[in-house]
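Letters A, B, ... are given to chains in the order of the sequence lines, protein chains preceding strands, and every chain is numbered from 1. Hydrogens, waters and symmetry mates are skipped; everything else that's a heavy atom, side chains included, is used.
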Number of protein chains: 2
Amino acid sequence: MAGVRIRDVAQHAGVSVGTVSNVLNRPGDVSPDSVERVNRAIEQLGYVRNDAARKLRAGVSTTVGFVVLDGQNPFFTDVVRGAEDEASSHNLAILYGNTDEDVARERMYLDLFEEQQVRGVLISPYGDIHSRLERLRARGIPAVLVDRFSGDGRFSSVSVDSVAGGRMAVEHLIGTGRRRIAFVGGPFDMQQVRDRLAGARVAAENAATPVEIEVLATEAPTVEAGVVAGARILARPRGDRPDALFAANDLVALGLLQALVVDGRMLVPDEIAIIGFDDIPFAGAAAVPLSSMRQPSRMIGRTALRILLEETADPDLIRRQTVFLPELVVRRSTASTAAGASASATPGAIRGR
Amino acid sequence: MAGVRIRDVAQHAGVSVGTVSNVLNRPGDVSPDSVERVNRAIEQLGYVRNDAARKLRAGVSTTVGFVVLDGQNPFFTDVVRGAEDEASSHNLAILYGNTDEDVARERMYLDLFEEQQVRGVLISPYGDIHSRLERLRARGIPAVLVDRFSGDGRFSSVSVDSVAGGRMAVEHLIGTGRRRIAFVGGPFDMQQVRDRLAGARVAAENAATPVEIEVLATEAPTVEAGVVAGARILARPRGDRPDALFAANDLVALGLLQALVVDGRMLVPDEIAIIGFDDIPFAGAAAVPLSSMRQPSRMIGRTALRILLEETADPDLIRRQTVFLPELVVRRSTASTAAGASASATPGAIRGR
DNA sequence: GATACTGTATGGAACGTTTCACTCGCGGTC
DNA sequence: GACCGCGAGTGAAACGTTCCATACAGTATC
C-alpha cells in the first residue's frame, strides 16, 4: 500500500539497505556523506518507516499501554497528560484503554496490549491483576502501577499517600470544629478508598475530643453516586445528619454538593462541610468552591512513565514505590461555622442575594 | 522474549502452522476436531499472537489513532469514550494523542500514527492538515474529522451544527429579555468558534428588537481564559457591561462564572446571564448551574469510529458529513431577570442565605 | 471406472525491517 | 613490505505471521 520501502531509499541513494538502516538507527556509525545522501532520498521519496517490520525484527516497541480506571475523571486525564508528555519526548505513542471499573474490560486491554507487545504498561488497576502483570513481565513487558501503592513490592508504583491525605483532610475538618464526620465513597475493594478512610480514622482517633467516623458506602466514586448519597443524608432528620463529609474523591464531593440543597437553601458549608480528594480543575468552580486534597497528577504520570522506561532498559532493576504527599487546598466548602460570616470575604466565595 | 510461537502451537496440536493460522483467522474453514485441538494447545502453551508479524504480513492493523485537540476537556474525554466503546467491540485499541492546540504536536502524532500504520485516524484538527491527511489516505489510512465539519467534503466528518447551536443559544438569551449580548471565546481560527459566533449573529439579526453582539476574544477556549475575560468585563463601568454572555464552550463559561463576583456577590444570572456550549458533566455542578448547548458527545465518538471502519473496508466510499443538532439545556445561569424570584424553585438551584 | 468437485490440510514464500558476520581500502607500525 | 586495526559499507539471514498454490482423500456424476 505505502509503496516506498527502505530498499527504494537505498537504491535512490546509491547505498545498501543496511546502510539506510544504520542512518536511521545509528547515524553516528555512518559517514556524514552517506547520511546526507540517505536523508535526501528519504525526503524525496517520502519514506516512512514501517513500524511493524521494525518491531518484528528488532523486538522493540514504540508504544506504551495505559490502562485507566476512569477516563472521565479529570484526575486521570491529567495523569495521562503527564505520561503523554514524557512519552512524546521519547517518540513513543500511548495506547489508551479505559476500564471504567470493569474487570472484563481491564483484562481485554491487557490482552490487546500483550498482542501489541507494548514497551510497557502503565495501569491504575481495578481487579486483581498481579498474576496477569507477572505474566506480561515474563514476556518482557514491565508494568508500573499508577495511583496505587504496590504493597508487596512486586511492581513499581507511583501514587499519593492516601492514608496521609485522609488524615490531613479529617484533621482539617476537626480543626474547623466539626465532630460528626462521615466518609462517603466506595467501592471498598479499591485500595485508595480504603486508605483514605483509614487515614480519616487515624485523624479521628488522634483528636483531642472524641470524633466518630461514619461510613456511607457508595457503589462507585462518581458524581451520580455522590448525588444518591447526598439524598440519603438529606432524608434523615436534621439532628441525625453528620456535620462534615469527607468524600473519597472530588466527583463524589461534587455530587454531594448538588444534593445538599433544601428548599433552595445550600447546606454547605454552614450545616455540613465537604472536602474532596484530587483537587480536579472543577473543584474550585463548583457551586460552593470545594476544599480538596491536591494530587500532583501530571507529575504522577510523568514519573510513572519514566520509571517504566528505566525498567524496560533493565528488567532486573529493583522495584520502587514512589509516593507523593497530597496538599490540602482549603476553599469555602469547609469554612468553619464560627467563621461563617467572614466567608463572604473569601475570594471566589458566593453569597446569595 | 515471549517464546511461544505459532509453530510451537502447531507442533503441540499435531497440525501444520497454516492450520493454526486458519483456526485463528477463519475457524469455519477448519474441521471442528482441529479447531478443538489447536485451541487446547493455545490454551496450554499460553500462546499470544504477535501483532507485529501479523500486521507486517497481513497489512492489517488493530489500532486506530485518535488525535484530540484538548484531552482535558470533558467533552473530548466523552467523545474518546464513545470511540473506545465502538473500537473495543471490534477488538481494536486506540492510540491516543493530545495536541493541546499545538501544530507541532499534531504533526508529530500523525507521523507516529503513520509509522504505526494505524487502521485509520480520528482527529479533531487544529492546524491545516488536509494535505497531511490526504497523504495518509494515499497510503491506505483513512481519516474522519471529529467535531469539525469538512466544508469541502474531502473527508467524512462527525460534528454538531455549531451555527444552529449558536443561534439557539442566543435566541434563548434574547427570549429571557437580554439585549446586550457578548460572545466570549477564541481563537478564531477554530472553526467551531467562528461557527458559534456566526449562529449567534443570525439570532441577533432575526430578533424582533435589535440586538447587538459584542465579541470578546480569548486566547484559548479554557477556564483560565474565561477568568481573564470575566475580569475584563468586571473592570468596565456597570452600565457598560453586557447583560448576557455566550461562551464558546463550557470551560470558558465556568471561567467567566468564577470571575463574575463583585464584593462576594455573584452577578450571574441577575445582572449577567451566561450560557456555554458542550454541556460537560460539570456544567450542572457549577457555582451557578450553567445553561449550555448539549452535544451528544459519546455518540459522536461512536459514529466517527463506525464511519472510519466503513471507509477502511471500502476506501472509495463516498464521504459523508454527519451533523448532530445540539440541545438547549436551561439552568439557573440564564434565569430571566423578571423570573428571578421563581428561580429558587428550579431543582438544583442555589439561593444564598 | 474415469472425471470432477469439495472439504481439509500442508509447506513455503513473502511482508520490510534489523543485525551480524564479513569484505574492502587505507594508513600506521614494526 | 608484511601485518594489523579501523572505519565504512555490504549482503543475507532472521523475526513470526498470513496466504496461496498444491496435495490428498473422499464423494458425486456421468
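Under a cut-off of 6.0 angstrom, the local environment of CZ in A:Arg154 is crowded, with over 12 non-hydrogen atoms contributed by other residues, nucleotides or ligands. For B:Glu101, the CD atom is densely surrounded, since the number of other residues' heavy atoms within 6.0 Å is greater than 12.
A straight line from CG of A:Leu56 to C1' of C:dT19 spans 13 Å, rounded to a whole angstrom. Taking atom CZ of A:Arg37 as the reference point, atom C1' of D:dA8 lies 12 Å away to the nearest angstrom. C:dG16 atom C1' lies 14 Å from atom NZ of A:Lys55, rounded to whole Å. In this structure, B:Ile6 atom CD1 and C:dG12 atom C1' are separated by 14 Å, rounded to whole Å. The distance between atom CD of A:Gln11 and atom P of D:dG11, rounded to the nearest whole Å, is 12 Å. The CG atom of B:Asp29 sits 12 Å away from the C1' atom of C:dT6 (whole-angstrom rounding). To the nearest angstrom, P of C:dG16 lies 15 Å from CG of A:Leu24. Straight-line distance from the CZ atom of A:Arg49 to the C1' atom of C:dT18: 10 Å, rounded to whole Å.
A donor-acceptor pair shorter than 3.5 Å cannot be found between the side chains of B:Thr62 and A:Glu115.
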Evaluate salt bridge (charged side-chain N to carboxylate O under 4.0 Å, His left out) for A:Arg137 paired with A:Glu134, printing each intermediate quantity in order.
-> CA-CA 5 Å; A:Arg137 178 148 69 200; A:Glu134 293 278 19; 3.5 Å; yes

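Map A:Arg5 and A:Asn22 each onto its nearest nucleotide of DNA chain C; the residue landing nearer the 5' end is A:Arg5.
At C:dT18, one or more side-chain N or O atoms of A:Asn25 fall inside 4.0 Å of OP1 or OP2 (strictly under the cut-off). Taking only side-chain nitrogens and oxygens, A:Ser34 never comes nearer than 4.0 Å to OP1 or OP2 of D:dA8. Between B:Arg57 and C:dA14 there is no side-chain N or O to OP1 or OP2 distance below 4.0 Å. When the side-chain nitrogen and oxygen atoms of A:Ser31 are compared with OP1 and OP2 of D:dG9, one or more of them lie within a distance under 4.0 Å. For A:Ser16 and D:dG11, the shortest distance from a side-chain N or O to OP1 or OP2 is not below 4.0 Å. Residue A:Arg26 places no side-chain N or O under 4.0 Å from the OP1 or OP2 atom of C:dT18. For B:Ser21 and D:dC19, the shortest distance from a side-chain N or O to OP1 or OP2 is not below 4.0 Å.
Residue A:Val30 is classed as a sugar-phosphate contact, given heavy-atom separations below 4.0 Å to backbone atoms only. Base engagement by B:Val17 is indicated by at least one non-hydrogen atom pair under 4.0 Å involving a base atom.
No donor-acceptor contact under 3.5 Å links the side chain of A:Arg54 to the base of C:dT17.
Residue pairs that meet the salt bridge (Lys or Arg N to Asp or Glu O under 4.0 Å) test with at least one member in residues 90-100 of chain B, sequence neighbours left out, are A:Arg81-B:Asp100.
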